[in-house]
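Okay, so here's the structure we're looking at.
Order of appearance sets the numbers: ligands from 1, and atoms from 1 within every ligand.
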Amino acid sequence: GGKWTYNGPHGENHWPKHFPYCGGAFQSPINFQRELQRYDPGLLPVQLQNYNLSSSEQLTLSNNGHSVQLSLSPRMYLSGLPHRYSAAQLHFHWGSPNVLAGSEHTVNGKQFAAEMHVVHFNSGKYPNITMALDKSDGLAVLGVLIEVGEFNPAFEQFLKYVNGIKYRDQKIQVPAFNIRDLLPAHLDEYYRYDGSLTTPPCYPSVLWTVFRHPVTISLRQYLALATALFSSHAQESAPMPMLGNYRKPQLMDNRVVLVSFQE
Ligand SMILES: NS(=O)(=O)c1c(F)c(F)c(S(=O)(=O)CCO)c(N[C@H]2CCCc3ccccc32)c1F
Ligand SMILES: [Zn+2]
């Protein structure tokens, strides 16, 4: 697909010109507001299988020009959903060094400093993520809201390598670790809704699960994320810092957000 950015002439308001789904229904992210939520006691805790990877395994940490992404082992999967969803990659969205607001989902209008997404595809029905990308039951993404506060040792296990992938299309191998440690302690409280990829091609193919409880990283860790990366290639004369890589909240249309918790 064509080139797209988060700002300027190829920014999100221009996405629908080349990526029609971006102007369609069921788009993500959204703002979670109390009035449009419904408690569903049937929403069980999310079950993570094989997330505790061994450090003898290696993962690919890469700069794809839009985010920093970590490849994940296909042995990792989610159970408790209508089908088995196997892990593909995780990536982040953040603000800028002096504006600590860069999450995609917002809660009662509050934007968090950053947000992590763990992307899974329906491996029960489709052979790979490419075949699942545009199917209504194709993807399941876990969203984790990130606040600046206490230092987070789990995030250090990949943040310490970001200076090796400063420029677009750079990638390195890093030792695997327990991906569960990147998620909040309690996985039983979350928002659940039908939405889309938040980047082009914006396919409405994502079952979203955004955990109610944020995780914290230190200001130093946030600044590492917000100052280390460029969306441009190493040899480009005008380096483009990778900042504010988040899409704004989209129209709800007539969607209701289910929640697994009661006030
Ligand atoms: N917020 S989001 O919707 O979860 C989301 C992103 F924001 C995001 F930047 C990415 S990306 O890093 O691949 C950069 C551009 O697509 C993805 N990738 C997904 C969808 C696109 C194709 C693909 C292929 C293999 C594995 C994952 C993915 C993404 F799903
Ligand atoms: Zn994302």
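The presence of a protein heavy atom under 4.0 Å from atom 19 (C) of ligand 1 is ruled out.
If you look at V119 next to ligand 1, the close heavy atoms, those under 4.0 Å, all belong to the side chain. Contact annotation for N245 and ligand 1: no heavy atom of the residue comes within less than 4.0 Å of the ligand.
Listed by number with element, the atoms of ligand 1 under 4.0 Å from a non-hydrogen atom of T199 are 6 (C), 7 (F), 8 (C), 9 (F), 15 (C), 16 (O). The distance from ligand 1 to the heavy atoms of L133 drops below 4.0 Å at these ligand atoms: 20 (C), 22 (C). Within ligand 1, the atoms closer than 4.0 Å to a non-hydrogen atom of E104 are 1 (N), numbered from 1 in the order shown. Listed by atom number, the atoms of ligand 1 under 4.0 Å from I129 heavy atoms are 25 (C), 26 (C), 27 (C). Interface atoms of ligand 1 facing Q69, defined by a heavy-atom separation under 4.0 Å, are 12 (O), 13 (O). Residue L197 has at least one heavy-atom neighbour below 4.0 Å for each of these atoms of ligand 1: 3 (O), 20 (C), 30 (F).
Once rounded to the nearest 0.5 Å, the distance linking CG of L133 with OG of S205 reads 6.5 Å.
Ranking the protein heavy atoms by distance from atom 29 (C) of ligand 1 puts H91 CE1, 3.7 Å first. Scanning the protein heavy atoms around atom 1 (N) of ligand 1, the nearest turns out to be T198 OG1, 2.7 Å.
With Y77 as the aromatic partner, R84 meets the cation-pi criteria of under 6.0 angstrom to the ring centre and within 45 degrees of the ring axis.
Heavy-atom contacts from other residues, nucleotides or ligands closer than 6.0 Å to CZ of F26 number 12 or fewer.
Looking at ligand 1, you won't find any N or O of S67 less than 3.5 Å from one of its N or O atoms. Ligand 1 has a nitrogen or oxygen under 3.5 angstrom from a nitrogen or oxygen of H117. Residue N64 has at least one N or O atom closer than 3.5 Å to an N or O atom of ligand 1.
If you look at H117 and ask which of its N, O or S atoms sits nearest the Zn ion (ligand 2), the answer is ND1.
Within the structure, ligand 1 lacks R247 among the residues with a heavy atom less than 4.0 angstrom away.
Between the choices H93, Q89, H120, the shortest heavy-atom distance to atom 13 (O) of ligand 1 belongs to Q89.
With the Zn ion (ligand 2) at the apex, H91 NE2 and H93 NE2 define an angle of roughly 110° (rounded to 10 degrees).
For the residue pair T199/W4, the side-chain donor-acceptor check at 3.5 Å is not satisfied.
In this structure, D194 does not pair ionically with R255, as no charged nitrogen and carboxylate oxygen lie closer than 4.0 Å. The pair E263-R212 counts as a salt bridge, with a side-chain nitrogen and a carboxylate oxygen less than 4.0 angstrom apart. Salt-bridge formation is detected for the pair E57/R75: a Lys NZ or Arg NE/NH1/NH2 atom is positioned less than 4.0 Å from an Asp or Glu carboxylate oxygen.
Between Y246 and F112, the distance from one ring center to the other does not fall under 6.0 angstrom.
The shortest non-hydrogen separation linking P239 to S237 is CD-O, 3.0 Å.
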- Decide ring-ring contact (aromatic ring centres under 6.0 Å, His included) for F261 and Y191; before the verdict, give the C-alpha distance in whole Å, the side-chain angles of both, and the deciding distance to 0.1 Å. CA-CA 9 Å; F261 53 89; Y191 304 89; 5.5 Å; yes
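Of the options E115, Q111, H93, a side chain to side chain donor-acceptor pair (under 3.5 Å) to H105 is made by E115 and by none of the others.
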